[in-house]
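Order of the sequence lines fixes the chain letters, A, B, ..., with proteins taken first and strands second; residue numbering starts at 1 for each chain. All values reported here derive from a predicted model rather than from experimental measurement. What's counted below: heavy atoms across the whole structure, side chains too, no hydrogens, waters or symmetry copies.
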Amino acid sequence: MAFNGRQQDGDVEEDETPSKLPRCNKEMPAGRSSNEPQNEAAASAGRAASERRSSNSTARLRKDSVKKTRPPFPWFGMDIGGTLVKLVYFEPKDITAEEEQEEVENLKSIRRYLTSNTAYGTTGIRDVHLELQDLTLCGRTGNLHFIRFPTHDLPAFLQMGRNKHFSSLHTTLCATGGGAFKFESDFLTMADLELHKLDELDCLVRGVLYIDSVMSSGPLECYYFENPTDPDQCAEKPYALENPYPLLLVNIGSGVSILAVYSENNYKRVTGTSLGGGTFLGLCCLLTGCSTFEEALEMASQGESTRVDKLVRDIYGGDYERFGLPGWAVASSFGNMMSKEKRESVSKEDLARATLVTITNNIGSITRMCALNENIERVVFVGNFLRVNTLSMKLLAYAMDYWSKGQLKALFLRHEGYFGAVGALLELLHPS
Amino acid sequence: MDIGGTLVKLVYFEPVDITAEEEQEEVENLKSIRRYLTSNVAYAHNLCKTGVRDVHLELRNLTMCGRTGNLHFIRFPTQAMPRFIQMGRDKNFSSLHTTLCATGGGAYKFENDFRTISDLELLKLDELDCLIRGLLFIDRVGFNGHPECYYFQNPSDPHNCVKKPCNLDNPFPMLLVNIGSGVSILAVYSENDYKRVTGTSLGGGTFLGLCCLLTGCETFEEALEMASKGDSTNVDKLVKDIYGGDYERFGLQGSAVASSFGHMMCKEKRDSISKEDLARATLITITNNIGSIARMCALNEKIERVVFVGNFLRINTLSTKLLAYAMDFWSKGQLRALFLEHEGYFGAVGALMELLKTSEDL
């Protein structure tokens, strides 16, 4: 295994680095019991970490373990989903002159290509606004970049990996998501790359907990909506996800998985639903002729779903008081569309809106039932269905609050759909 | 009467034990109503060819409130309600001084119209109260000597899947899933003790509405016909499309749907599927979603018997079998899906019973 040129003297610096350092030593116990670190080596990430760092025994422990396990560059984490590939790339900023000289050409070229562009080919995008700067990972300091492209374009990505002789870097490529399994042989045959396959939910949980822990300074990763249905008063508010357990984690990708997370290493998949982001986009394309997620959202923002849906008041003439169903609640999604006149009177925008509302509310409803069953009050929604989709976020925030009479709180995370990829990167750096 | 979001369900008791004396005294409009309802199977003139009497569901020689007769089951679209109300006026229904027991949202929505147009006062009843009352009654009296209730044996095996009758003896507790325009899910502990656990707005109305939009069909029957010929796997993204096989870690087979309509974001796939495929996918999506939610409720409420009713299941063997399969498969045999022959009529039956009970009290 090729080293990245950093020797152990460099590691001493990590004792003084600020609190962004994650749990680096695999012997440390899981969880974020931030008030009482059990022993010097056992403190959690985040605020407690900087206090710990002054201890020499800790430094020695970490130095040894890091030296043993630190992989060569480049450091990637990959999540190959049903619709999108999410890639996180760590760009080291602390490269010494010596290291730079030793650095092989293709590694340099990869770094340059990724960091000097924000778009790759016709469909690859680097979400610059999500970049985490001056992050310390495994003793190195650098920027963490977040890149995505459609899974449909994976062959082009593999071709690029082949052209850039990625395989000669002898690096492990940690990949999660269904595609890590589906495309495993393609990676091998097309780009001579061996994937280290990881479970997508393991990576998701790990990634969520890590990102939240390193974001203790600056804009908080986690937020919620105050007054979600009042357009004038609705405000995004930061939320400190300390003592996050137990947590209900709802991952809305092409499909949906709902997890109950009890601690970093203890979670279960409660259920899922196949009516997810892929359903929204698929139905919108069919109903409105749009072809991208952004177009679908744009249309939805301009439509009126109440023309498409049959509401309680359309059936009752008002509220269905007996069971607490207000007149404005949807009784039958798309229920007005069985009528020819109504079909002819709605616009594509109305249809897009109704599709969004239907899918979002269904997820909200199922989530609420899970939260009730699992006795969990905090629900975190992640996944790329929520990317640039404030409409759905606010709907979810409102629905959780309203139907639970204020018992449940909907939380959101800025890095939305990237947690699986982050978790994969973490597995590369700190194998569990 | 049960005036729902999409259909009006009417049950009519036709006395067959009318004495000669009684017949003589009978007022003309009452006789005319009886003749009109029982001699027609489709009600064309006033309800524009959309009223139907489900003859196969008729309960013969039933005794209700000391009288013997046949119970008829009639339905027509709620859209035709204005014409029905008009007919009530034309036939001078109000002069019969009868109480019209009505349930469903329409009993509230059309209350004023009944009063002002045909001078009829509705006795409004809650739809879920009526549903339970009607269901228990019909199961008790049976279906012309046969059981009202049935289930599927070997639901996961298409070759050996067999419809089997059963009785709802000791029916409680039961989870009752009413799939109409929308869905209500009730946990029923006794005849008078139940709660509405939850509901979903993705119901029969969604299936029909989406089908009309996606395929150009216009009726429930057309939509089902198309669905029976389609292949939803061309439309849905399955677990194997994402994983290349099963997602073993969490027990998700490759054939399970990961993302409904998930292939439709891709233009080539959109161009390659048929309307029948779309109808099928819509049916599967709605049905499986209901099944999934029902299963979660059954788990939470710790109830093993799940009874599915409502007109979404009318002539819809595809959904019925799918629900039976889903309940069995995802619960590893713990849950059993049950069905009832009179599907969507229980609310109306319950309303009729309230009428008879009310007069008994007098």
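Listed for the Lys237(B) side chain is a donor-acceptor partner under 3.5 Å among the backbone atoms of Gly82(A).
The contact list for residues 193-200 of chain B toward chain A, using heavy atoms and a distance under 4.5 Å, reads Tyr194(B), Arg196(B), Thr198(B), Gly199(B), Thr200(B) by residue number.
The choice from Leu128(B), Asp236(B), Thr219(B), Thr78(B) that makes the most heavy-atom pairs within less than 4.5 Å of chain A is Leu128(B). When Gly178(A), Pro150(A), Gly253(A) are compared by the number of non-hydrogen pairs under 4.5 Å with chain B, Gly178(A) comes out ahead. Contact count against chain A (heavy-atom pairs under 4.5 Å) is highest for Phe250(B) among Tyr108(B), Phe220(B), Phe250(B). The greatest number of non-hydrogen atom pairs below 4.5 Å with chain A, out of Gly244(B), Ser260(B), Cys266(B), is found for Ser260(B). Options Ser339(A), Ala331(A), Gly255(A) differ in how many heavy-atom pairs under 4.5 Å they form with chain B, and the most are formed by Ala331(A). Per-residue counts of heavy-atom pairs under 4.5 Å with chain A were compared for Lys269(B), Glu218(B), Lys267(B); the largest is that of Glu218(B).
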Identify all side-chain donor-acceptor contacts of residues 204-217 of chain B below 3.5 Å with residues at least two apart in sequence or on another chain.
unit_1, atom_1, unit_2, atom_2, d
Thr206(B), OG1, Ser333(A), O, 2.8
Thr206(B), OG1, Ser201(B), O, 3.1
Thr206(B), OG1, Gly203(B), N, 3.0
Thr215(B), OG1, Cys211(B), O, 2.7
Thr215(B), OG1, Cys217(B), N, 3.1

Show every donor-acceptor pair shorter than 3.5 Å between a side-chain atom in residues 352-360 of chain A and any protein atom, with sequence neighbours excluded, or say none if there are none.
unit_1, atom_1, unit_2, atom_2, d
Arg353(A), NH1, Ala300(A), O, 2.8
Thr355(A), OG1, Leu351(A), O, 2.7
Thr358(A), OG1, Ala354(A), O, 2.7
Thr360(A), OG1, Leu356(A), O, 2.7
Thr360(A), OG1, Ser392(A), OG, 2.9

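With a 4.5 Å cut-off on side-chain heavy atoms, Thr292(A) and Met265(B) do not count as touching. The closest side-chain heavy-atom distance from Asn361(A) to Leu202(B) is not below 4.5 Å. Asp126(B) has its side chain within reach of Tyr320(A): a pair of non-hydrogen atoms, C-beta onward, lies under 4.5 Å apart. A 4.5 Å side-chain heavy-atom check between Lys109(B) and Tyr316(A) finds every atom pair outside the cut-off. Using a 4.5 Å heavy-atom threshold, the side chains of Met296(B) and Ile366(A) count as touching.
The 12-atom threshold is not exceeded at CD of Gln79(B), counting heavy atoms of other residues, nucleotides or ligands nearer than 6.0 Å.
Taken from CD in Glu248(B) to CG in Asp199(A), the straight-line distance is 11.5 Å, to the nearest 0.5 Å. To the nearest 0.5 Å, atom CD of residue Glu268(B) and atom NE2 of residue His152(A) are 5.0 Å apart. Taking OG from Ser365(A) and CD1 from Ile293(B), the interatomic distance works out to 5.0 Å, rounded to the nearest 0.5 Å.
Interface remark: Leu252(B) contributes side-chain atoms only to the contact with chain A (heavy atom separation under 4.5 Å). Residue contact with chain A, scored on non-hydrogen atoms closer than 4.5 Å, involves the backbone and the side chain of Thr285(B) alike. Of the atoms belonging to Arg322(A), it is side-chain heavy atoms, and not backbone ones, that fall under 4.5 Å from chain B. With a 4.5 angstrom heavy-atom cutoff, Glu127(B) touches chain A via backbone and side-chain atoms both.
Residues forming a side-chain hydrogen bond (donor to acceptor under 3.5 Å, both in side chains) with Glu221(B) (at least two apart in sequence, or on another chain): Arg314(B).
Looking at every heavy atom in both residues, Ser254(A) comes nearest to Ser259(B) through O-OG, 2.8 Å.
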